[in-house]
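Every chain is numbered from 1, with letters handed out A, B, ... down the list of sequences. Because the structure is predicted, anything quoted here is derived from the model rather than measured.
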Amino acid sequence: MDRIPRSFLAVDPETLARRLLGQRLVRTLDDGTRLAGIIVETEAYLGVRDRAAHSFGGRRTPRNESMYASAGTAYVYFTYGMHHCVNVVCGRRDEPVAVLIRALEPVEGLDVMRTNRAARRAHKQPLRETDLCSGPAKLAQALGITRELDGVDLTRAGPLHLERARTRPLPRAAVVNTPRIGVGYAGRWAARRLRWRLAANPHVSRP
DNA sequence: ATGACGATTTACT
DNA sequence: GTAAATCGTCATA
């Protein structure tokens, strides 16, 4: 209901990664169905100096062009030949910094999420609620997020947007800060603690 | 035209 | 724990 203003998103990626925790990501389907979850895990990507970022060294291609858009834009990329992941861009134009949404606690449209997630599995094993959105590609599958949504404005009601679910900052003890996942190739940048997650939340990708 | 590589997930040993 | 799946994307030629 309550959209998130651009000013809330136009901050450095470390600040944004931390403050997105507890907020809501909403996917609205063409028929009006809402699929939504509370953000419980994020990672900051620091731009041209960050070896792990797609924009490292100023790399700018059709794939990552929306990282260079202004704060509040969605950067949706495709990887491993089969997975999509969503970022919230937070820089000014031409400053390619963003926050990767890594996990959600599902709160709306769980039945559709279950269908979306089950569709791509060969051996239909039981799908627990904590398997729905507990990873960046899992949540993209569950919410039906693809490259079609790359570049959308996350501050306006639309096919994909952010909503305020919490006004007060989270208590310090409710948040855990760790190194990022899956960026072992990034040398010293792999060790930097640029991942944030809610403590004691079962919907995160990994403890 | 070709080849190497993933900001991952799943299944299997 | 390890490895397969799977292909768009980009750099090199």
Side-chain angles (χ1 to χ4, degrees), chain A residues 12-14 16-18 20-21 25 37 39-69 73-91 95-104 106 113-151 154 160 176-197 202-207:
Chain A
D12 70 88
E14 293 171 82
L16 182 61
R18 172 72 168 66
L20 276 178
L21 295 178
L25 181 68
I39 297 169
V40 299
E41 179 180 340
T42 57
E43 279 177 0
Y45 285 86
L46 276 38
V48 300
R49 68 203 171 101
D50 180 358
R51 180 132 225 154
H54 290 164
S55 54
F56 175 65
R59 194 160 64 90
R60 184 170 187 163
T61 69
R63 180 203 195 204
N64 71 354
E65 178 61 32
S66 56
M67 272 195 93
Y68 289 79
T73 302
Y75 166 43
V76 179
Y77 68 87
F78 182 68
T79 190
Y80 289 102
M82 61 188 112
H83 297 305
H84 292 276
C85 300
V86 199
N87 294 256
V88 180
V89 172
C90 58
E95 183 200 1
V97 291
V99 172
L100 173 68
I101 312 250
R102 286 195 54 92
L104 303 175
M113 291 187 193
R114 205 171 277 279
T115 304
N116 289 347
R117 289 275 297 126
R120 287 227 242 157
R121 296 161 67 99
H123 302 294
K124 318 289 189 198
Q125 284 175 26
L127 199 49
R128 295 161 302 180
E129 189 170 314
T130 51
D131 291 323
L132 292 179
C133 298
S134 53
K138 292 181 186 176
L139 72 89
Q141 261 185 79
L143 302 202
I145 295 170
T146 68
R147 283 281 282 174
E148 276 187 22
L149 298 178
D150 181 48
L154 295 168
L160 187 66
V176 180
N177 179 217
T178 76
R180 293 174 293 189
I181 307 294
V183 295
Y185 57 84
R188 68 186 175 86
W189 284 92
R192 297 240 348 218
R193 304 200 324 182
L194 294 171
R195 170 180 180 245
W196 284 262
R197 66 169 177 85
H203 299 275
V204 297
S205 68
R206 308 174 24 175

Subject >> Atom of A:C85, atom of A:A137 and distance for their closest heavy-atom approach >> reply: SG-N, 4.1 Å
**OP:** Indicate the atoms forming the closest heavy-atom contact of A:M113 with A:L143, along with that distance.
**Re:** CE-CD2, 3.5 Å
Between the protein and nucleotides 7-9 of chain B, list the N/O to N/O atom pairs that are separated by less than 3.5 angstrom.
| unit_1 | atom_1 | unit_2 | atom_2 | d |
| --- | --- | --- | --- | --- |
| B:dA7 | OP1 | A:H54 | NE2 | 2.6 |
| B:dA7 | OP2 | A:Y185 | OH | 2.7 |
| B:dA7 | N7 | A:A52 | O | 3.3 |
| B:dA7 | N7 | A:H54 | NE2 | 2.8 |
| B:dA7 | N6 | A:H54 | N | 3.4 |
| B:dA7 | N1 | A:N87 | OD1 | 2.6 |
| B:dA7 | N3 | A:Y77 | OH | 3.4 |
| B:dT8 | OP1 | A:R102 | NH1 | 3.1 |
| B:dT8 | O2 | A:H83 | NE2 | 2.9 |
| B:dT9 | OP1 | A:P136 | N | 3.2 |
| B:dT9 | OP1 | A:A137 | N | 3.0 |
| B:dT9 | OP1 | A:K138 | N | 3.2 |
| B:dT9 | O4' | A:H83 | NE2 | 3.3 |

**OP:** Figure out the CZ/P separation between A:R60 and C:dA11, and round it to whole Å.
**Re:** 14 Å
Original post:
When rounded to the nearest 0.5 angstrom, what is the spacing between OG in A:S205 and CZ in A:R197?
Top reply: 9.0 Å
Original post:
Under a 3.5 Å cut-off on both pairing distances, which runs of 3 or more consecutive Watson-Crick or G-U pairs involve DNA chain B?
Top reply: B:1-6 with C:7-12, B:8-12 with C:1-5
Original post:
Taking CZ from A:R59 and C1' from B:dG6, how many angstroms apart are they, rounded to a whole number?
Top reply: 10 Å
Original post:
Taking C-beta and beyond as the side chain, do A:L194 and A:V183 meet within less than 4.5 Å on heavy atoms?
Top reply: no
Original post:
Between A:R180 and A:D50, is the closest basic N to carboxylate O distance under 4.0 Å?
Top reply: yes
Original post:
So with a 6.0 Å cut-off around CZ of A:R206, is the heavy-atom count from everything else above 12?
Top reply: no
**OP:** Not counting sequence neighbours, list each pair that qualifies as a side chain to side chain donor-acceptor pair (under 3.5 Å) and has a residue in residues 73-87 of chain A.
**Re:** A:H54-A:Y75
Subject >> Between NZ on residue A:K138 and CG on residue A:L127, distance to nearest 0.5 Å >> reply: 9.0 Å
Subject >> Atom-to-atom span, CZ of A:R120 to P of C:dT6 - whole angstrom >> reply: 11 Å
